[in-house]
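Taking it in order: structure first as structure tokens, then the write-up.
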Amino acid sequence: MIIEIENNRYNSPTLFGDFCYTITLRFSLHSDTIIYTHCTDYPRVRALHTMAHYDHTSLEKKWQKKWAEEHTYHTSEDLTNPKKAYILDMFPYPSGQGLHVGHPKGYIATDIIARKKIMEGYSVLHPMGWDAFGLPAENYALKTKTHPKKSTDDNVARYKEQLSLIGLSYDWEREINTTDPAYYKWTQWAFLKMFEKGLAYESYEPINWCPSCKTGLANEDLDGTVCERCGSEIEKKPMRQWVIKITDYADRLLAGVDALDWPEQIKESQRNWIGRSEGAVITFRITNQESRITDEYIEVFTTRADTLFGVSYCVIAPEHPLINRLGDAIENISRIKNYVKYSTQKTIIERTSEGRDKTGEKLEGIVAINPINGDEVPIFVADYVLGDYGTGAVMAVPAHDERDFIFTKKYQNTFDLKIKTVIDVGTKIDEIKVAHEKVDGVEISSNSHLFPDWFRYKVSSIDDIFFYTKVGDDICDENEGILVNSGEFTGLSSADAREKIVAALEEKGLGKKSVKYKLRDWVFSRQRYWGEPIPVVHCDACGVVAVPEQELPVTLPDVKQYEPTGTGESPLAGIESWVNTTCPKCGGRAKRETNTMPQWAGSSWYYLRYIDPYNDIALVDKEKEAYWMPVDTYVGGAEHATRHLIYARFWHKFLYDIGAVSGEEPFMRLQHVGLIGGEDGRKMSKRFGNVINPDDIIARFGADTLRVYEMFMGPFDQNIGWSTDNIMGARRFLERVWKLSERIEDEATLSHDTEILLHKTIQKVGDDIDTFAFNTAVSALMILVNALEKEPSIPVTIYRICLSLVAPFAPHMAEELFARHGGEGSIVRAPWPSYDKTKCIASTMTIAVQVNGKMRGTFVAEVGISEEEVTARAHALPEIKKHISDKVVKKTIYIKDKLVNFVVA
RNA sequence: GCCCAGGUGGUGGAGUUGGUAGACACGAGGGACUUAAAAUCCCUUGAUCGCAAGAUCGCGCGGGUUCGAAUCCCGCUCUGGGCACCA
């Protein structure tokens, strides 16, 4: 019976180009909808109307409603189940743009894993929430002139709506939001604990300042020299700020990396970011002509104590306190102060973009004493030395450090700087195989015909070994070698010399081993409105006082003016009624801290809140935490490698130290999600007009098709461009699954080959889901369906197995077909199919036959056939005979069950 | 500059404990069905030569190891990503 006739004009520019007309007849037959369409010629319209029997829209709506009503994805509270899986996505910050098709890719993957785990009988925790504090949300609010609270809520609602269309198995009863006072109470609580332990402190050091976002930023918030958010050039600005001593955890953060099952790339960038360097701090005493200064010194950090004999001068950073300490003892102090002013006013980009060109000033009137040999060397101030790394001062060895070399070259003539080679980086004579020539001493050239531009010499303390090094004064090789010109240490290897030189200095109290890190303390305050208030007050009498735990949360007050002030104060400073308070300690007048926390605060522990989302008396219940943690599978973008993933690991280790959690590492296994680019090959962005909205795709092809396609596109962690043409492949695949149901027969049996294929497919799909090889899992399912299509009829039990395999990928369709074909209950809780290993082995196999390594033929053999028989049958093949003909078979290579290779003369 | 990842048909990509390269899918070409489209189904589809059987060449480039190399080794090149004066 005809239930509906439509006459439509389609003119959606994204998918259909121009427009066309269609006439659609909808028939209702039993519970199916059959749609016939007549349309004016426009090929892409077919995408809409190939859905004979399979009306994705109504079907997906139906099941999403049902799952919600029946709380299908409610997390099991059974903490006795030994099998648990915590499957987590990096939660999004809801921007005003909404989702494009790239965003759900990771969510689909975790959803597939979570669904399979449920089917395998695991207790599964698979939640979702919102990282809604922070600059992006606030900048968006400012742009649209709406209150951040309002715009954030709107964006969350929009995101949730978009996500819900995809059919994800989140337990929404555990939804969290970092801007919820009940949530950030515990962000503040953790801060107080850090404050208590001395890990959170106030600092007045110059920090990164974004002039556009009008706030201080952590090193991690920079993209090179610009603000990671808005792209503005960063300035250095001295101001009061809260800092967290993440550097106390540098060694543990580094040591923990090795054991993690994370992509090597992320592990490597964390190692680089932490940047551990083993070296030594060496003390250079300072003196002047009259030896009046006796108690001043410079401590330098070096990883190359073995080059100490090659020191030409010392360099201190412009920020180094020595300059103020010595004051007029420096003869040209005003010139030096000018230089300090000049270089500290430079932006980071100016200071680094000068690249190789280096500037500096010599401190006149004083010299540093090399502790190893008493040499007096000049002291410079130069901004190629960083004030906040190591000791802020270095010893310069131009012969073995490129930067020192460049600086020396520039000022060599002005200040008479020496370049002294103290490490022989040459090659041992026996390695380059040049005839012996006994030459004593150093720097005696030789005209080796092999290496004419090298000169050779013998180091007197080492018998019978000659060294080579390159001629010329442009030696600036950092490599290690053998010490020369180094007094009693001459002849030692670099590694050996470092130990011995530092040991010798240590005896004199002028040096000791030291480890330094590139990681800097975490600048934790933001001069912005939209963040967690830092829960401390400033009391005239007591100084900085923590807000008592029982008064948490310190709620963010509602405010009319939330634009950043740019003065170094947050907009909160303007709300007198909120700022003025009493001191919890003495009861006197006090002012609240008006800086807020960075965006990364709330996301540093959110995975714990999902476990126990309504807890008001503890951050997380210990028993529940011990059960669910650590996160078993964590999926998100690679851009968080040195931000969120460092902060969260730090936060977790801290919580471990105070006994709040049971393990040291939060995320056991991490997977990258690759980006989905636009169809034009560029990044998907509003700017390029190439954004594909998942809502549109779902409306036209269905959520199941979107899910299958995104998993089938290619390797999960790879960046791949979207293709609306290719999505048809996924759609057709699902239609085939649908149509298979027409050929179900209770009494049917499968052909032997198809049965083997079925078992192999069960194995492969399971393994592939576990290893994030979703593309080949989908491919295996397609191969199975192609084979089932060729079967005259399909047993219903087999069909249901097939549906179970499809269910994690296309849950709506699988659920519908499962219900229609005798499945009991929801397929969500149906058992994951098991396979029979013995049935994965075929009874016959194809043996490849090669002659001299070239494929010349194949034949089919039974499993278990003997080597002799394989060889004989291979030899008997006509195409093989032809290639061997009268030649002699010198050798036969036999690989069991795979191939035979005849080697002929 | 340093570190990491990668380079396979017209396209997305399979295949890496060395053993039948191009699975699966898209696109394209041909055919069936149709008044005609669309959808669906069947066939072909790495390149070159050939009527054909078949042959040769092919996984960024150049070498090497091996009976046999996309896979291992050496050198180079290009692309993407990260770090970047960290002493």
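Chain A is the first sequence line, chain B the second, and so forth, proteins listed ahead of strands; every chain is numbered from 1.
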Tell me whether the side-chain N or O atoms of A/Lys358 pair up with the base of B/rC85 as donor and acceptor below 3.5 Å, since no angle test is needed here.
yes
Sugar-phosphate, base or nothing in reach of A/Arg271, heavy atoms under 4.0 Å:
nothing
Can you tell which of B/rU40, B/rC67, B/rC83 lies closest to the side chain of A/Ile893?
B/rC67
Where the side chain of A/Val394 is defined as all heavy atoms beyond and including C-beta, which of B/rC24, B/rG81, B/rA87 is the nearest nucleotide?
B/rA87
So what does A/Asn786 hit on the nucleic acid, given a heavy-atom distance under 4.0 Å: a base, only sugar-phosphate, or nothing?
sugar-phosphate
Could you please name the option among B/rU40, B/rA87, B/rU56 that lies closest to any side-chain atom of A/Ser277?
B/rA87
So, is A/Arg856 near the phosphate of B/rA55, with a side-chain N or O under 4.0 Å from OP1 or OP2?
yes
Could you tell me whether A/Lys105 sits above the aromatic face of A/Phe716, with NZ or CZ closer than 6.0 angstrom to the six-membered ring centre and within 45 degrees of the axis?
yes
How many whole angstroms separate atom CG of A/Asn901 from atom C1' of B/rG68?
6 Å
Contact under 4.0 Å: A/Tyr384 side-chain N or O vs B/rA87 OP1/OP2:
no
Need one value for A/Asn775: base, sugar-phosphate or nothing, where a base atom within 4.0 Å counts as base even if backbone is also close, heavy atoms only.
sugar-phosphate
With respect to the side chain of A/Asn726, which nucleotide from B/rG12, B/rU20, B/rG19 is positioned closest?
B/rG12
On the 0 to 90° scale, with breaks at 30° and 60°, tag the A/Tyr54-A/His56 ring pair as parallel, tilted or perpendicular.
perpendicular
Taking CD from A/Glu220 and C1' from B/rA84, how many angstroms apart are they, rounded to a whole number?
16 Å
Considering only side-chain heavy atoms of A/Phe712, which listed nucleotide, B/rC24, B/rU40, B/rA87, is closest?
B/rC24
Let's see if you can work this out: which of B/rA87, B/rC24, B/rC41 has an atom nearest to the side-chain heavy atoms of A/Arg736?
B/rC41
Think A/Lys358 forms a cation-pi with A/Phe407, using NZ or CZ under 6.0 Å from the six-ring centre and within 45 degrees of its axis?
no
At under 4.0 Å between heavy atoms, what does A/Glu264 touch on the DNA or RNA strands: base, sugar-phosphate, or nothing?
nothing
Does A/Lys854 put a side-chain nitrogen or oxygen below 4.0 Å from OP1 or OP2 of B/rC57?
yes
Is there a donor N/O on one and an acceptor N/O on the other, under 3.5 Å, for the side chain of A/Gln850 and the base of B/rG19?
yes
Are A/Tyr709 and A/Trp722 an aromatic pair by the rule of ring centers under 6.0 Å?
yes
Which whole-number value in Å describes the distance from A/Ile720 CD1 to B/rG6 P?
14 Å
Is the ring pair A/Phe774/A/Phe809 parallel, tilted or perpendicular, if the boundaries are 30 and 60 degrees?
perpendicular
A/Ile783 near the nucleic acid: base, sugar-phosphate alone, or nothing, with a heavy-atom cut-off under 4.0 Å?
sugar-phosphate
Nearest listed nucleotide, side chain of A/Arg732, among B/rG19, B/rC85, B/rC26
B/rC26
Among B/rA87, B/rC24, B/rG27, the one nearest A/Asp725 by side-chain distance:
B/rG27
Spacing of A/Arg498 atom CZ relative to B/rA87 atom P, expressed in whole Å:
12 Å
Identify whether any heavy atom of A/Pro715 sits under 4.0 Å from a base atom; if not, whether one sits that close to sugar-phosphate; answer base, sugar-phosphate or nothing.
sugar-phosphate
